[in-house]
Amino acid sequence: GAGVSQTPSNKVTEKGKYVELRCDPISGHTALYWYRQSLGQGPEFLIYFQGTGAADDSGLPNDRFFAVRPEGSVSTLKIQRTERGDSAVYLCASSTTVGQPQHFGDGTRLSIL
Amino acid sequence: LAKTTQPISMDSYEGQEVNITCSHNNIATNDYITWYQQFPSQGPRFIIQGYKTKVTNEVASLFIPADRKSSTLSLPRVSLSDTAVYYCVLSGSARQLTFGSGTQLTVLP
């Protein structure tokens with residue numbers, strides 16, 4: 001498709017488990033961003049990549065969160081030892097390059113039981 | 001990061017023009033003003049972006065005064081399907097977008 005693709009669309013898991021969330025950006029977009037959105041709030045920045053490297057990870061809440069983009073295209077957000085407070089919608093966005101309008105996927109709704 | 005302030009909610013009727021104003025008193029010289037629309041269970045959708053004066057595209061217009069301390073998103077002749085949350089966001093030197101709580105627009109029949 002032409003847009004940002006995120007999988008899975010929904011993920012339910014138990015507290016303490018490990019999860020991986022995948023983002024497939026728009027083809028050719030070099031910048032990729034992860035955000036987290038809680039109910040009733042705007043998205044909050046987590047991390048962004050320019051190419052393969054994490055250019056800014058200042059929004060990651062703690063060291064249980066990690067993201068990679070090994071080939072400069074698909075990215076995976078990884079959460080270890082999940083907690084109930086990690087429940088949220090995780091959004092991915094991409095842009096042609098940093099500073100250009102960001103285009104969002106529909107997110108992964110993560111529920112930690 | 002510069003912050004934005006928008007009304008929490010607005011109601012309108014079908015066919016009317018809707019103007020949503022955003023305040024950004026501390027906007028930086030290299031900040032652009034971007035508006036996003038978000039429907040439930042979907043990601044934010046880019047609507048329009050501008051730096052100064054007026055920008056128009058097929059869905060909206062964006063008015064920015066000379067001092068750039070505010071901006072107004074104008075939606076002509078809204079329909080029920082325009083009911084959504086609208087976010088005003090500054091983007092420029094900061095790579096990440098900083099979203100506020102947005103404006104819930106409800107279009108009534």
Side-chain angles (χ1 to χ4, degrees), chain A residues 1-7 9-10 21 23-26 29-51 53-60 67 88-111, chain B residues 1-9 20 22-24 27-51 55-60 62 71 73 84-106:
Chain A
V4 175
S5 176
Q6 292 188 247
T7 54
S9 55
N10 286 282
L21 311 178
C23 172
D24 219 318
I26 294 172
H29 281 196
T30 62
L32 184 146
Y33 311 79
W34 285 97
Y35 293 82
R36 179 169 71 174
Q37 186 172 25
S38 300
L39 193 62
Q41 303 296 318
E44 293 179 293
F45 169 78
L46 295 176
I47 185 171
Y48 97 88
F49 292 85
Q50 177 59 46
D56 184 351
D57 64 358
S58 61
L60 295 177
V89 176
Y90 289 81
L91 294 163
C92 177
S94 69
S95 62
T96 52
T97 188
V98 171
Q100 294 303 306
Q102 296 179 25
H103 300 273
F104 285 79
D106 286 336
T108 294
R109 183 175 299 278
L110 178 64
S111 300
Chain B
L1 297 172
K3 292 186 177 180
T4 60
T5 303
Q6 310 172 227
I8 294 174
S9 64
I20 306 174
C22 178
S23 297
H24 28 79
I27 188 169
T29 302
N30 56 358
D31 277 334
Y32 281 74
I33 300 155
T34 309
W35 285 80
Y36 286 85
Q37 174 192 56
Q38 188 174 29
F39 298 112
S41 300
Q42 294 186 20
R45 183 175 74 95
F46 171 83
I47 301 175
I48 197 166
Q49 182 180 65
Y51 185 81
V55 180
T56 298
N57 62 22
E58 64 275 11
V59 299
L62 179 59
S71 58
L73 175 72
V85 177
Y86 292 81
Y87 293 99
C88 164
V89 182
L90 302 183
S91 56
S93 57
R95 304 313 194 208
Q96 67 270 30
L97 302 178
T98 301
F99 289 79
S101 296
T103 298
Q104 171 66 59
L105 172 65
T106 301

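Not measured: the values here are computed from a predicted model. Residue numbering restarts at 1 for every chain, and letters A, B, ... go by the order of the sequence lines.
For the pair Pro44(B) and Leu91(A), the tightest heavy-atom approach, listed with the atom from each and the gap, is CD-CD1, 3.9 Å.
The contact between Tyr36(B) and chain A is made entirely by side chain atoms (from C-beta outward), counting heavy-atom distances below 4.5 Å. When heavy atoms are compared at a cutoff of 4.5 Å, Gln104(B) does not approach chain A at all. If you measure heavy-atom distances from Gln49(B) to chain A, the contacts under 4.5 Å come from the side chain alone. The contact between Gln37(A) and chain B is made entirely by side chain atoms (from C-beta outward), counting heavy-atom distances below 4.5 Å.
With rounding to the nearest 0.5 angstrom, the CD atom of Gln102(A) is 11.0 Å from the CZ atom of Phe46(B).
Among the candidates Ala93(A), Gly105(A), Pro43(A), Gly40(A), the residue making the largest number of heavy-atom pairs closer than 4.5 Å to chain B is Pro43(A).
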Could you go step by step and tell me if Leu97(B) and Tyr33(A) meet the side chain to side chain contact (heavy atoms under 4.5 Å, CB included) rule? CA-CA 9 Å; Leu97(B) 302 178; Tyr33(A) 311 79; over 6 Å; no
